[in-house]
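Lettering follows sequence order; numbering is per chain, from 1.
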Protein chains: 2
Amino acid sequence: MAHADTDAAPRSLCPISLALDVVGDKWSLLILRDLMFAGKSHYRELLQSDEGISSNILAERLKRLVEAGLLTKTDDPSHKQKAIYRLTAMGIDLLPAIAQLGIWGRKYQPVTKESAAAAAALEKGGPELLKTMKAELRRQHLGKQAAE
Amino acid sequence: MAHADTDAAPRSLCPISLALDVVGDKWSLLILRDLMFAGKSHYRELLQSDEGISSNILAERLKRLVEAGLLTKTDDPSHKQKAIYRLTAMGIDLLPAIAQLGIWGRKYQPVTKESAAAAAALEKGGPELLKTMKAELRRQHLGKQAAE
DNA sequence: CCGCATCCCTATAGATACTG
DNA sequence: CAGTATCTATAGGGATGCGG
């Protein structure tokens with residue numbers, strides 16, 4: 001069983017450290033990336049990321065992220081089987097951090113042309129573009145459920 | 001022995017994923033934080049972080065970060081014993097990402113007043129303040145060695 | 001002392017196979 | 001399809017050793 005305790009005692013009270021206690025692992029930010037940029041919302045879609053996350057890890061991370069308040073999990077009204085994972089406002093607010101990591105990655109790590117283009121646009125667009133993207137994410141993920 | 005391979009095959013070509021391959025572990029960003037915000041530069045100082053990193057882990061991460069090009073290691077001219085770790089331009093360019101994580105942490109995780117103040121200043125200051133801080137870091141870390 | 005390197009041992013991450 | 005069970009690999013804590 002071994003339930004994942006979301007609050008396993010913070011390492012320190014530094015905000016950066018606290019943030020890393022939540023998303024400072026190998027996969028969480030990539031899951032959020034797929035929800036933000038790839039428009040994914042189902043377990044199966046998230047399982048098919050390029051990086052190849054394992055099913056148990058994905059399940060555990062999704063649970064953690066829901067418990068931490070970054071995601072919501074609701075039943076798909078059409079297909080009873082599927083669950084829909086959506087970002088909360090708290091999750092959407094990680095967009096700037098993730099975007100900055102992308103900008104850095106594009107600048108210093110060898111990368112394909114296409115992914116470079118997106119990151120370049122982000123860097124040039126700056127805060128304006130981020131605002132636009134956050135507004136879009138809010139519509140998609142928070143849309144019909146208003147608060148929370 | 002088991003030398004730390006810096007290039008253990010990227011998980012994907014996504015810039016975000018590539019960035020996380022370098023600094024997406026539990027400690028690297030905290031080490032960079034201490035170099036950026038706490039003005040630390042010696043092994044000893046880094047060992048004394050609030051989060052309590054182990055000596056072997058710190059040594060390994062420092063080596064990794066030097067090999068990855070985020071840090072330089074030079075001998076302290078005064079004390080022959082001590083080594084000095086400095087940020088490279090590549091390391092300094094992670095400031096925005098780290099700052100964004102701090103802003104998020106302050107906003108969504110319970111935090112002390114003092115650490116909140118710094119993060120609040122960062123959020124209000126925005127890109128302007130980041131520019132100032134980066135310039136300062138460049139003077140401190142790249143100062144006398146110009147290029148890299 | 002300082003900066004690590006090495007061992008040992010535990011905890012957690014993660015791959016694979018399987019189940020409702 | 002969405003997870004769970006099982007097993008293995010790796011990360012990491014703590015103590016200690018060791019050259020400079």
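Proximity of B:Tyr85 to the phosphate of C:dC4: a side-chain N or O atom is located under 4.0 Å from OP1 or OP2. Within the structure, every side-chain polar atom (N or O) of A:Lys63 is placed at least 4.0 Å from both OP1 and OP2 of D:dT4.
In this structure, A:Lys82 does not pair ionically with A:Glu45, as no charged nitrogen and carboxylate oxygen lie closer than 4.0 Å. The pair A:Arg61-A:Asp25 counts as a salt bridge, with a side-chain nitrogen and a carboxylate oxygen less than 4.0 angstrom apart. Looking at A:Asp50 and B:Arg11, no side-chain N of the basic residue comes within less than 4.0 Å of a carboxylate O on the acidic one, giving no salt bridge. Using a cutoff of 4.0 Å between basic side-chain nitrogens and carboxylate oxygens, A:Lys26 and B:Asp21 are not scored as salt-bridged.
Distance from the side chain of B:Lys82 is smallest for C:dC2 among the nucleotides C:dC2, C:dA13, C:dC4. Comparing C:dG14, C:dG3, D:dG3 by their nearest atom to the side chain of A:Trp27 picks out C:dG14. Each of C:dA13, C:dG3, D:dG13 was ranked by its minimum atom distance to the side chain of A:Arg61; first place goes to C:dA13. The side chain of A:Arg44 sits closest to D:dC1 out of D:dC1, D:dG13, C:dC4.
Judged by distance alone, with hydrogens and angles left aside, A:Ser55 brings no side-chain donor or acceptor close enough to the base of D:dA5 to form a pair under 3.5 Å. One cannot find a donor-acceptor pair under 3.5 Å joining the base of D:dG12 and the side-chain atoms of B:Asn56.
For the pair B:Ile31 CD1 and D:dG12 C1', the computed distance is 13 Å after rounding to whole Å. For the pair B:Asp75 CG and C:dC4 P, the interatomic distance rounds to 10 Å; values are reported in whole Å. Look at OH on B:Tyr43: it is 9 Å from C1' on C:dA5, rounded to the nearest Å. Atom-to-atom, CG of A:Leu58 to C1' of C:dT16 comes out at 15 Å; the value is rounded to the nearest Å.
Across all strands, A:Asp25 comes closer than 4.0 Å to no nucleic acid atom at all (heavy-atom distances).
Summary of the strand contacts: B:Ala59 and A:Gly52 both lie near DNA chain C, and taking for each the nucleotide with the nearest heavy atom, the more 5' one is attributed to B:Ala59.
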